[in-house]
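Have a look at the structure below before the remarks.
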2 protein chains.
Amino acid sequence: MKGYGIVKRIAIDMDEVMADAFQKTLTTFNQRFNFKLTKDDLLGTKLVELFPELKGEIYNFLSEPDFFRDLQVVENCRETILELSEHYEIIIATAAMEVPNSFNAKYAWLKENFEFLNDQHFVFCGDKSVVQADYLIDDNIYQLDSFSNQGILFTAPHNIYDVYENRVNNWLEVREYFMSILV
Amino acid sequence: MKGYGIVKRIAIDMDEVMADAFQKTLTTFNQRFNFKLTKDDLLGTKLVELFPELKGEIYNFLSEPDFFRDLQVVENCRETILELSEHYEIIIATAAMEVPNSFNAKYAWLKENFEFLNDQHFVFCGDKSVVQADYLIDDNIYQLDSFSNQGILFTAPHNIYDVYENRVNNWLEVREYFMSILV
């Protein structure tokens, strides 16, 4: 049999879906530039949109080799993926090309926190139109739009006002979505 | 429009297709373990199959962070991909998960030698069943078998005796294959 089979495949984005990149980015930004921004200041926007003049500096700290190494796992993510992996094929699809220095840290983070996943199904990519899967869970609408099959928007501060037909607000809702459609 | 479009997409493997990993691996092996193996000794096999007791050592030198940084570009590869990129969407799909330390070197190698390619279309993966494309050019039959669409076997010493319906022996044949099927 060519390709993948009867078991449906879920591709999952890392940053702001599995890994709390938002909180570390905000904390680091506040510390380095002496701000006191909160999550509420970033609803519907991003740091680089609020502070375009600091784009280079923000990119620089994101590019530090270990930035992505110690992110917190998003609540209920690990348990849910573990459960879903009994019924679906799980692919981790992370847009790593904008921060190529992050490759090693992201790989090590996955191996540490999701040791039950098969690293043959890790995909470090750019545009997620290259990902072959039935579903993609992602916080970026532009990635969901370029993906060929069913997209699921995972709520993050920056996408809170975006309109998208399939939205989940947390991992319990991801669980409910995928367990309810199991045949 | 969802996904990719009317322009057909070619995914291309790196090692032994774009980059001459074979020659550097052989030279390094000979130097470190005092052998005088030639390409002829490796027809239809691989170093790790010939010397299973040295598998760990071979893996160790492949895992050195810069091993993949200075590979020679395979003959006629650059010019052919440049020409094909005018008619096809080009994806670079490299199996990087077995040597995670190679991520940075492979990325830098691509940016240096194929600066005209879009890094949003670089895919560092394991199993190539995750790659969404119309064609895959690869030297590994098992990757072609797991890929969902049309595979093209690129001749390498290890696959010389493998039977596969679509085989190309060099980049001139790749050019001919893809230019002849253009509508």
Side-chain angles (χ1 to χ4, degrees), chain A residues 1-5 7 9-12 63 65 68 89-112 117-136 140-151 165, chain B residues 1-5 7 9-12 63 65 68-69 89-112 117-134 136 140-151 165:
Chain A
M1 187 178 64
K2 294 276 287 178
Y4 62 105
V7 176
R9 179 182 280 180
I10 307 170
I12 306 173
S63 295
F68 292 90
E89 203 169 49
I90 305 294
I91 299 289
I92 307 302
T94 181
M97 293 306 153
E98 281 153 32
V99 191
N101 275 348
S102 68
F103 291 159
N104 290 355
K106 286 185 166 188
Y107 181 84
W109 187 91
L110 284 168
K111 294 301 274 186
E112 178 186 330
L117 291 175
N118 177 357
D119 66 3
Q120 291 296 307
H121 286 167
F122 295 172
V123 184
F124 289 15
C125 59
D127 170 0
K128 291 181 186 169
S129 73
V130 303
V131 176
Q132 173 81 282
D134 299 292
Y135 303 91
L136 171 64
N140 281 303
I141 279 197
Y142 88 93
Q143 292 284 21
L144 297 175
D145 284 344
S146 75
F147 179 65
S148 301
N149 292 309
Q150 180 63 58
E165 56 177 346
Chain B
M1 187 178 64
K2 293 277 285 179
Y4 62 104
V7 177
R9 179 181 280 181
I10 307 170
I12 307 173
S63 295
F68 291 90
R69 183 64 187 87
E89 200 169 52
I90 305 294
I91 300 290
I92 307 302
T94 181
M97 292 306 153
E98 281 153 30
V99 192
N101 275 348
S102 68
F103 291 158
N104 290 356
K106 286 185 166 190
Y107 181 84
W109 187 91
L110 284 168
K111 294 301 274 185
E112 179 187 329
L117 291 175
N118 177 359
D119 67 3
Q120 291 296 306
H121 287 167
F122 295 172
V123 185
F124 290 14
C125 60
D127 169 1
K128 290 182 188 170
S129 73
V130 303
V131 176
Q132 172 81 279
D134 299 293
L136 171 64
N140 281 303
I141 280 200
Y142 88 91
Q143 290 286 19
L144 297 175
D145 283 344
S146 76
F147 178 64
S148 300
N149 292 309
Q150 180 63 58
E165 57 176 346

* To do: Return the orientation label for the B:Phe103 and A:Phe103 ring planes: parallel under 30°, perpendicular over 60°, tilted otherwise.
  =>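 The arrangement is perpendicular - the two ring planes meet at more than 60°.
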If every non-hydrogen atom of [X] is compared with every non-hydrogen atom of [Y], which pair is closest and at what distance?
X: A:Ser148; Y: B:Gln132; answer: OG-NE2, 3.1 Å
X: B:Met97; Y: A:Asp119; answer: CG-O, 3.0 Å
X: A:Arg9; Y: B:Ser129; answer: NH2-OG, 2.8 Å
X: A:Val130; Y: B:His121; answer: CG1-CD2, 4.2 Å

* Taking the side chain as every heavy atom from C-beta outward, state whether B:Lys111 and A:Pro100 have any pair of such atoms under 4.5 Å apart. =>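 SC-SC contact between B:Lys111 and A:Pro100 ruled out.
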* Below 4.5 Å from any heavy atom of chain B, which atoms of A:Phe122 appear? Answer side chain, backbone, both or neither. =>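 Both backbone and side chain.
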* To do: Determine the option with the most heavy-atom pairs under 4.5 angstrom with chain A, choosing from B:Gly126, B:Ala93, B:Ala11.
  =>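 Option with the greatest count: B:Gly126.
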* **Spacing of A:Tyr107 atom OH and B:Asn101 atom CG [to the nearest 0.5 Å]** =>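 So the gap between those two atoms works out to 9.5 Å.
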